[in-house]
There are 2 protein chains.
Amino acid sequence: MNEITPAGRFRDAEAAPAALDKRYREPVASSPAALPWSETLSVLLGHRSVRAFSAEPLAEGTLEVLLAAAQSAPSSSNVQAWSLVSVEDPALRAKLAQIAGGQKHIETAGLFLVFVADLSRVQRLAEREGLTTEGLDYTESFLIASLDAAFAAQNALTAAESLGLGAVYIGALRNDAAAVAHLLKLPPRSYAVVGLAIGRPEPAVASDVKPRLPQPGILHRDVYSTAGEEDVLARADAHALAFRAEQGLDATPWTRLALQRLHAVASLKGRHILRRQLETLGFPFK
Amino acid sequence: MNEITPAGRFRDAEAAPAALDKRYREPVASSPAALPWSETLSVLLGHRSVRAFSAEPLAEGTLEVLLAAAQSAPSSSNVQAWSLVSVEDPALRAKLAQIAGGQKHIETAGLFLVFVADLSRVQRLAEREGLTTEGLDYTESFLIASLDAAFAAQNALTAAESLGLGAVYIGALRNDAAAVAHLLKLPPRSYAVVGLAIGRPEPAVASDVKPRLPQPGILHRDVYSTAGEEDVLARADAHALAFRAEQGLDATPWTRLALQRLHAVASLKGRHILRRQLETLGFPFK
């Protein structure tokens with residue numbers, strides 16, 4: 001066993017302000033000298049999406065420790081209403097990459113994990129005992145399973161990054177939830193929430209920490225308030241433009257990017273059919 | 001700034017098998033000697049729900065670093081479709097505790113954070129530009145916002161635990177999503193996904209790592225398979241009974257607990273109305 005020190009992480013408590021500067025590109029409210037800090041905070045703050053992977057294989061046991069981390073995430077009432085499909089077959093990976101709009105990193109990643117919201121296990125338990133399964137028809141049950149899968153996925157991502165690996169979520173599996181369920185032979189009452197491509201970052205391809213909204217854009221005290229939002233959004237746009245210039249991307253401000261992604265039906269990249277597909281997969285949204 | 005060493009965590013790579021033993025109570029497939037490991041994996045594997053908090057205040061800057069960790073989680077297309085409400089007012093905390101079925105730790109926690117799925121920011125951006133907001137009506141947009149909030153929440157939880165703090169999710173805010181939205185003055189197109197109570201663990205109250213399903217119960221290779229599930233579930237029941245005996249809890253096997261929690265409408269603790277409430281909050285599930 002070896003403690004891996006990933007390059008480019010902030011290892012020391014003294015580096016806390018640097019990590020925050022990279023994330024926000026402006027000071028946070030508190031004095032940095034007063035901030036509590038940990039090794040794990042350095043990992044969390046250092047997140048960036050990685051889509052370019054080297055061919056070097058992952059260490060033996062990587063899947064097992066990532067799964068252990070994922071399973072250690074909280075689960076609503078410990079029901080553990082999720083499953084993990086590790087996709088290893090190259091032909092299957094290619095089909096998933098196609099569904100996801102041609103994302104080649106699904107094929108080149110050392111691991112490709114699909115996090116499944118899974119009420120089918122409870123369904124099987126109920127059938128074994130001859131009990132009703134009506135509770136599984138409700139939106140709350142859909143949400144419990146989806147959140148269990150999300151918490152687990154986020155732990156797997158953090159665990160991977162703590163080992164010096166890079167990763168990226170693949171939400172585009174929801175471009176065709178029915179086709180993914182068919183390919184992975186998912187039983188009724190389960191669906192693929194999100195994929196996670198994991199591998200050793202290709203050193204020749206740079207990736208960097210993406211700026212987020214200034215803290216007052218997300219944080220509300222006691223009650224939600226939009227006071228000062230215009231100023232915060234202007235700062236978010238300025239930080240995004242600076243980041244995009246560094247990355248050689250076009251000069252589109254954050255507010256326009258966020259708006260374009262969701263406001264119209266066409267923005268959803270075909271996922272306007274998700275509701276209908278989820279119904280056919282056994283989620284009636286009662 | 002100080003690097004806090006939480007009591008009861010596994011600090012060393014050599015402790016990896018101990019962390020896995022506590023989580024699974026049976027060997028995992030790989031040889032423990034081959035497992036990659038990190039400080040952060042010790043934090044993730046060491047998770048347990050903490051509901052008893054000491055009165056000692058949290059360190060200055062705790063909220064800011066937890067928020068920075070939360071915001072560092074991936075966000076679908078960087079839309080950041082979530083918000084955080086930090087509830088400080090004791091009267092408001094008391095009302096939320098009541099909605100959650102009398103969970104006193106909402107009142108005694110050093111921080112009580114509410115993670116909000118928030119499409120209202122994009123709604124405001126669209127209104128500013130005179131654009132349509134039809135895309136926000138779709139189940140995919142509901143899911144993007146809910147997942148963004150969940151990834152952020154899980155990072156905040158991990159960050160808190162890395163600082164030696166204890167925490168527990170409060171899904172019971174969904175017992176009455178409309179009342180919570182009213183209390184926190186959430187705008188249309190937003191809802192409280194989950195609460196997170198955080199504080200210094202009360203040393204006099206023990207908590208321990210809860211066993212999870214053996215890895216083959218969650219993990220599937222290439223395609224979903226229920227082969228061997230009966231055996232895995234029997235082991236899960238045995239591990240749960242051993243844990244519950246240690247904790248002085250009644251001898252209910254895991255399969256019965258999981259089944260009871262979801263199979264019937266009555267199991268949902270009133271949350272069968274969630275769908276209707278979410279519609280009134282601006283999520284039509286198109």
Side-chain angles (χ1 to χ4, degrees), chain A residues 1 3 13 28 30 34-40 43-45 47 59-61 64-65 69 71-72 74 76-77 79 84-85 89 122 125-126 131 135 138-140 147 150-151 154-155 162-163 169 171 185-186 212 218-220 222-224 255 258-259 261-264 267-268 271-272 274-275, chain B residues 1 3 13 28 30 34-40 43-45 47 59-61 64 69 71-72 74 76-77 79 84-85 89 122 125-126 131 135 138-140 147 150-151 154-155 162-163 169 171 185-186 212 218-220 222-224 255 258-259 261-265 267-268 271-272 274-275:
Chain A
M1 283 171 295
E3 171 110 10
V28 296
S30 280
L35 291 178
W37 203 251
S38 69
E39 179 72 29
T40 299
V43 172
L44 297 171
L45 270 281
H47 165 72
E60 196 191 344
E64 285 77 7
V65 296
Q71 287 194 256
S72 297
S76 184
S77 303
V79 168
L84 184 70
V85 182
D89 174 25
V122 173
L125 291 173
L131 291 172
Y138 286 80
T139 300
E140 166 67 6
L147 294 175
F151 297 145
Q154 187 55 26
N155 263 19
S162 81
L163 296 173
Y169 278 137
K185 298 197 200 311
L186 302 185
R212 298 288 196 227
I218 294 287
L219 179 64
H220 306 259
D222 287 328
V223 293
Y224 195 103
T255 50
L259 186 55
R261 180 65 188 83
L262 282 181
H263 83 101
S267 319
L268 299 177
R271 297 184 214 165
H272 60 282
L274 181 66
R275 168 66 198 280
Chain B
M1 285 173 294
E3 170 108 12
V28 297
S30 279
L35 290 178
W37 203 251
S38 69
E39 180 72 29
T40 299
V43 172
L44 297 171
L45 270 281
H47 165 73
E60 196 193 343
E64 285 77 7
Q71 287 193 256
S72 297
S76 183
S77 303
V79 169
L84 184 69
V85 183
D89 174 26
V122 173
L125 291 173
L131 291 171
Y138 285 80
T139 300
E140 166 67 6
L147 295 176
F151 297 146
Q154 186 55 26
N155 263 19
S162 81
L163 296 172
Y169 279 136
K185 299 198 202 303
L186 301 184
R212 298 288 195 229
I218 294 287
L219 179 64
H220 305 259
D222 286 328
V223 294
Y224 195 105
T255 49
L259 186 54
R261 180 63 189 83
L262 281 182
H263 83 99
V265 181
S267 319
L268 299 178
R271 297 184 216 165
H272 60 284
L274 182 67
R275 168 65 198 279

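Keep in mind the model is a prediction, meaning the values are calculated, not measured. Letters go in sequence order (proteins before strands), and every chain restarts at 1.
- Note on A/Gly135, A/Gly171, A/Ala264: by heavy-atom pairs under 4.5 Å with chain B, the leading option is A/Gly135.
- B/Arg212 places a side-chain N or O within donor-acceptor distance of the main-chain N or O of A/Gln71, the cut-off being under 3.5 Å.
- Of the atoms belonging to A/Tyr169, it is side-chain heavy atoms, and not backbone ones, that fall under 4.5 Å from chain B.
- No other option in B/Leu219, B/Val223, B/Asp222, B/Leu274 has as many heavy-atom pairs under 4.5 Å with chain A as B/Asp222.
- Heavy atoms only, all atoms of each residue included: B/Leu186 and A/Tyr224 are closest at CD2-CD1, 4.0 Å.
- Of all the listed residues (B/Ala150, B/Ala258, B/Ser72, B/Ser76), the one sharing the greatest number of non-hydrogen pairs under 4.5 Å with chain A is B/Ser72.
- Between the CG atom of A/Asn155 and the CD atom of B/Gln154 there is a distance of 4.5 Å, given to the nearest 0.5 Å.
- Proximity to chain B is absent for every atom of A/Ser267, based on heavy atoms less than 4.5 angstrom apart.
- Ranked by non-hydrogen atom pairs under 4.5 Å with chain B, the options A/Leu259, A/Ile218, A/Thr255, A/Val79 are led by A/Ile218.
- A distance of 5.0 Å separates CG of A/Leu131 from NE2 of B/His263, quoted to the nearest 0.5 Å.
- In summary, the side chains of A/Ser38 and B/Ser162 do present a donor paired with an acceptor at a separation below 3.5 Å, with no hydrogens or angles considered.
- Annotation: the span from B/His272 atom NE2 to A/Thr139 atom OG1 amounts to 12.0 Å, rounded to 0.5 Å.
- Contact between B/Leu44 and A/Ala69 at its shortest, heavy atoms only, is CD1-CB, 3.9 Å.
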